[in-house]
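Notes follow the structure.
Note that ligands are numbered from 1 as they come in the structure, with each ligand's atoms numbered from 1 the same way.
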Amino acid sequence: MSFEELGLSKEVLQAVEESGYTTPTPIQEQGIPLILEGRDVIGASQTGTGKTAAFALPIIEGLLANPSQAIRTLVIAPTRELAMQIETEFKALAKFTKLKTVTIYGGVSMNTQIDRLKKFPEIVIACPGRLLDLMGQNRIDLSQIDTLVLDEADRLFDMGFLPDIRKIIAAIPRKRRNLLWSATMPKEIRKLANDILVDPHVVELARTAPAETISHALYPVARERKLPLLTYLMNKEAISSAIIFTRTKHRARKLAEQLSRRGRRAVALQGNMTQAQRDQAMGGFRKGRFDILVATDIAARGLDIPTVSHVFNYDLPDNPEDYVHRAGRTARAEGTGFAFCLVAPEDIDLYNILEEHIGKDMFNWTSHPGFDYLNEPESTGKVRINRGRDRTRPGGGTSARVKRILGRPIDAKEDESTAASVEPPPLKPAFGRRRTRSPRRAGR
Ligand code: AMP
């Protein structure tokens, strides 16, 4: 099917062509006709599938067919970065029309946004917090909304925005088209969908899984050898640009500094940075001034940067959904990409959950002499280890052999030695360093 066959108007087709889109992606092929018909749609699609254009194109068509000087479309997104990205896509696709967009998010001047709202934009893309502030001050008129989009609904829920969203929904017209996009469908999102969508059509590409064009590799490594291994892999791989995910804001900042000291063009993106710093980091990464972005999950949500060839999970994510989102930062729009995980012994429980959700066949265990602590004779060099799950053993999940090796005590102190060394440091038991709160939850 072509974009012409989807019934798009001339100025929209021209913008599609200029964006370099030659054929609709499957989610566009399925979603656009339904949305054009005015149906409520639940889009359960992976990241990088072209879902933004799948809703932006029919929304633009609808606005062109029935023009008015009022906010007609409200898109709610969980993060500023995603909101900005959605706006970029709307702007590109509405380039040959007079439609206007405004993005609303916190951390920047409210007055600028209020001024932009005075110019009668038809499309508003908003993060919930700032939108509620503006609504509370009567600075935004949502009385003419006829289309509501909830993008990355699962993340909106994870970030605790559902009560805010319900407040926003209560304040907009009941008669409207609803589009809800979510890579995963936790029960809270299904409930929200039941409450607000009318006879929705579900557009589903596949169960939540990383795109098939991504190769996944797992590297067993002691925690204190993560940095040398990362440096080694970055030297070895042909990387055009990479996103490295850490578990905490502090680790993102520190790792970006460590990589910069090693001569890498690395920048951090994490929630402790001001909006101006975040914009600067993102702008620099997009334009190629930096080729490594070290980010936490929340900061990097939904980023769409086509040059990203590698995603490194410096720390494993807390849940499989985050893994799918992280991996989806590469191989955008059906390109190929690599997702690497550095797995320390203390990550094994997270790995087990990941494997259960995504399937162990997805992952290649790969090791390198000097970094691998599964360094039994057969596991040096590139190997695939058979980690058959044995549920009959107490505490099973991972085979006893791997668990035994993964369970070795390690020194939690991070080693800053360079990747040139090939011998792993002697493994020492950790002592004297007690954490007062879980590092998984701390400082996100
Ligand atoms: P999304 O899933 O909306 O984050 O989109 C992922 C990427 O796919 C973005 O870079 C889009 O610009 C790109 N894209 C969207 N639609 C198409 C298409 N029909 N052909 C090629 N690329 C596309």
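Between Phe285 and Phe290, the distance separating the two ring centers is not shorter than 6.0 angstrom.
Remark: side-chain polar atoms of Asp40 are paired, donor with acceptor, to backbone N or O of Asn178 under 3.5 angstrom. With hydrogens and angles ignored, the 3.5 Å screen pairs a side-chain donor or acceptor of Arg265 with a backbone N or O of Gly288.
Under 4.0 Å from ligand 1, the heavy atoms of Gln28 that appear belong solely to its side chain.
In the vicinity of Phe3, heavy-atom distances shorter than 4.0 Å reach the ligand 1 atoms 19 (N). Residue Thr25 approaches ligand 1 through these ligand atoms, each under 4.0 Å from one of its heavy atoms: 17 (C), 18 (C), 19 (N). The Lys51 neighbourhood of ligand 1 comprises atoms 1 (P), 2 (O), 3 (O), with distances under 4.0 Å to a heavy atom of that residue.
Within the 4.0 Å heavy-atom shell around ligand 1 one finds Glu89. Residue contact check for ligand 1: Thr23 places a non-hydrogen atom closer than 4.0 Å to it.
Within a 6.0 Å sphere centred on CZ of Phe96, other residues, nucleotides and ligands contribute more than 12 heavy atoms.
Checked by distance only, ligand 1 and Pro306 stay at 3.5 Å or farther apart across all their nitrogen or oxygen atoms. Close N/O approach between Thr22 and ligand 1 is not found [any backbone or side-chain N/O within under 3.5 Å].
For the 3.5 Å distance criterion, the side chains of Glu87 and Thr101 qualify, holding a donor opposite an acceptor.
Nearest heavy atom pair, residue Asp318 against residue Arg247, reads OD1-NE, 4.2 Å.
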